[in-house]
Amino acid sequence: MGNPKNIAEVRKPVLLVQEITTRWTKVSRVGPLARARYAVPEQMLFPVDSVPDPKARVIFHSVHFGEENSFSAPLEKITASPYIFPGTGSIAVGHNEQHAWVTFVQSSGAPIRLHMRKTLCSPPGDWVQMMTNGRYAPDWQGHWWYIKTVVNAGLFFDLDKDVFTRHQPASQFKAMGHLW
């Protein structure tokens with residue numbers, strides 16, 4: 001279980017958000033790079049020892065995989081602030097002291113899935129997972145890129161590195177479109 005840091009004595013539950021994004025182009029649609037892309041995890045260890053402010057009410061772990069590093073050795077960043085409320089463009093995250101929620105709102109990308117609006121909610125100690133994908137382009141003439149986004153979120157009293165890997169989410173929602 002690692003070395004958990006008890007944050008319950010300090011304050012109310014903390015919103016932990018992990019966003020894992022994978023970005024690729026048509027180069028990685030088939031072949032060895034596609035296999036590497038499919039192997040990108042949908043939940044990862046939370047870097048407890050890297051949290052800059054353990055008193056923050058929101059801790060955001062951003063992880064990015066892409067073609068530039070063959071979908072290995074991801075770029076990771078951890079941000080802690082009482083003022084950030086992560087939103088990923090198509091997925092919004094929020095919380096109060098009783099629940100964390102994740103909402104699919106799709107504001108960009110194709111295919112359009114506005115009819116799929118959905119909110120997942122979890123009480124402290126549990127977490128939810130939402131994922132979506134999209135095709136993006138500066139114009140309709142090609143040069144497309146693709147992004148898969150996975151958001152894991154929950155309210156926790158104990159900050160533990162395997163908070164998202166110890167067990168499966170309480171609920172999941174996949175707003176995955178067919179990307180051609």
Side-chain angles (χ1 to χ4, degrees), residues 1-3 16-52 59-80 84 86-93 102-118 120 122 127-154 159-180:
M1 252 217 239
N3 183 12
L16 300 182
V17 179
Q18 181 177 73
E19 176 189 68
I20 302 169
T21 58
T22 307
R23 182 181 165 129
W24 69 97
T25 66
K26 59 185 170 183
V27 172
S28 300
R29 288 188 65 185
V30 295
L33 281 176
R35 283 190 291 282
R37 178 173 55 84
Y38 287 127
V40 169
E42 294 175 346
Q43 54 212 61
M44 296 177 63
L45 293 175
F46 204 88
V48 173
D49 296 329
S50 300
V51 173
I59 302 173
F60 182 55
H61 179 212
S62 172
V63 185
H64 174 75
F65 290 87
E67 283 177 344
E68 64 276 1
N69 61 9
S70 301
F71 305 101
S72 62
L75 300 172
E76 292 187 64
K77 181 178 180 182
I78 191 149
T79 309
I84 64 168
T88 64
S90 291
I91 299 174
V93 181
V102 181
T103 302
F104 176 69
V105 293
Q106 189 180 14
S107 59
S108 62
I112 300 299
R113 288 161 276 176
L114 297 176
H115 65 286
M116 294 181 78
R117 187 173 180 99
K118 175 85 171 178
L120 300 177
S122 74
W127 64 282
V128 296
Q129 181 182 71
M130 188 169 286
M131 64 181 72
T132 186
N133 62 357
R135 184 181 67 250
Y136 303 85
D139 57 44
W140 290 102
Q141 302 302 316
H143 308 292
W144 293 342
W145 68 90
Y146 307 87
I147 297 176
K148 176 183 176 186
T149 302
V150 179
V151 172
N152 303 315
L159 186 56
D160 198 346
K161 71 177 182 177
D162 63 352
V163 69
F164 293 125
T165 60
R166 181 177 30 239
H167 58 79
Q168 293 299 309
S171 59
Q172 261 182 325
F173 180 68
K174 296 180 180 185
M176 303 294 283
H178 177 70
L179 306 179
W180 41 273

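Model, not experiment: these values are computed from the prediction.
Looking at Pro47 and His61, their side chains come closer than 4.5 Å, going by heavy atoms from C-beta outward. At least one side-chain heavy atom of Val27 sits less than 4.5 Å from a side-chain heavy atom of Glu67. Contact annotation: the side chain of Ile59 never approaches that of Val17 to less than 4.5 Å [non-hydrogen atoms, C-beta and beyond]. You'll find the side chain of Pro52 stays beyond 4.5 Å of the side chain of Thr79, heavy atoms only. With a 4.5 Å cut-off on side-chain heavy atoms, Tyr146 and Thr25 do not count as touching. Looking only at side-chain heavy atoms (C-beta outward), Ile147 and Asn133 stay at 4.5 Å or farther from each other. In this structure, the side chains of Phe173 and Phe104 come closer than 4.5 Å at one or more pairs of heavy atoms. Taking 4.5 Å as the limit, every side-chain heavy atom of Trp127 sits out of range of all side-chain heavy atoms of Gln168.
Taking CG from Leu120 and OG1 from Thr103, the interatomic distance works out to 8.0 Å, rounded to the nearest 0.5 Å. Here Asp162 contributes atom CG and Phe46 contributes atom CZ; the two are 12.0 Å apart, rounded to the nearest 0.5 Å. With values rounded to the nearest 0.5 angstrom, Leu45 atom CG is found 4.5 Å from Thr165 atom OG1. Between Met131 atom CE and Thr149 atom OG1 the span is 10.5 Å, to the nearest 0.5 Å. The CZ atom of Phe65 lies 9.5 Å from the CG atom of Leu75; values are rounded to the nearest 0.5 Å.
Pairing each heavy atom of Arg166 with each of Asp160, the nearest pair is NH1-OD2, 3.1 Å. Heavy atoms only, all atoms of each residue included: Val48 and Lys161 are closest at CG2-N, 3.2 Å. Of all non-hydrogen atoms in Phe71 and Arg23, the two that sit nearest each other are CE2-O, 3.6 Å. Nearest heavy-atom pair across Ile20 and Met44 is CD1-CG, 3.8 Å. Of all non-hydrogen atoms in Met130 and Ile91, the two that sit nearest each other are O-CD1, 3.9 Å. The two residues Gly154 and Ser122 come nearest to each other via the heavy atoms CA-OG, 4.2 Å.
In terms of modelled atom types and a separation under 3.5 Å, the side chain of Asn69 and the main chain of Ser72 share a donor-acceptor contact. Between the side chain of Gln172 and the backbone N or O of Gln129, no donor-acceptor pair lies under 3.5 Å.
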Contacts under 3.5 angstrom, residues 30-42 side chains, donor-acceptor by atom type, not counting sequence neighbours:
| unit_1 | atom_1 | unit_2 | atom_2 | d |
| --- | --- | --- | --- | --- |
| Arg37 | NE | Ser28 | O | 3.2 |
| Arg37 | NH2 | Ser28 | O | 3.3 |
| Glu42 | OE2 | Lys148 | NZ | 2.6 |

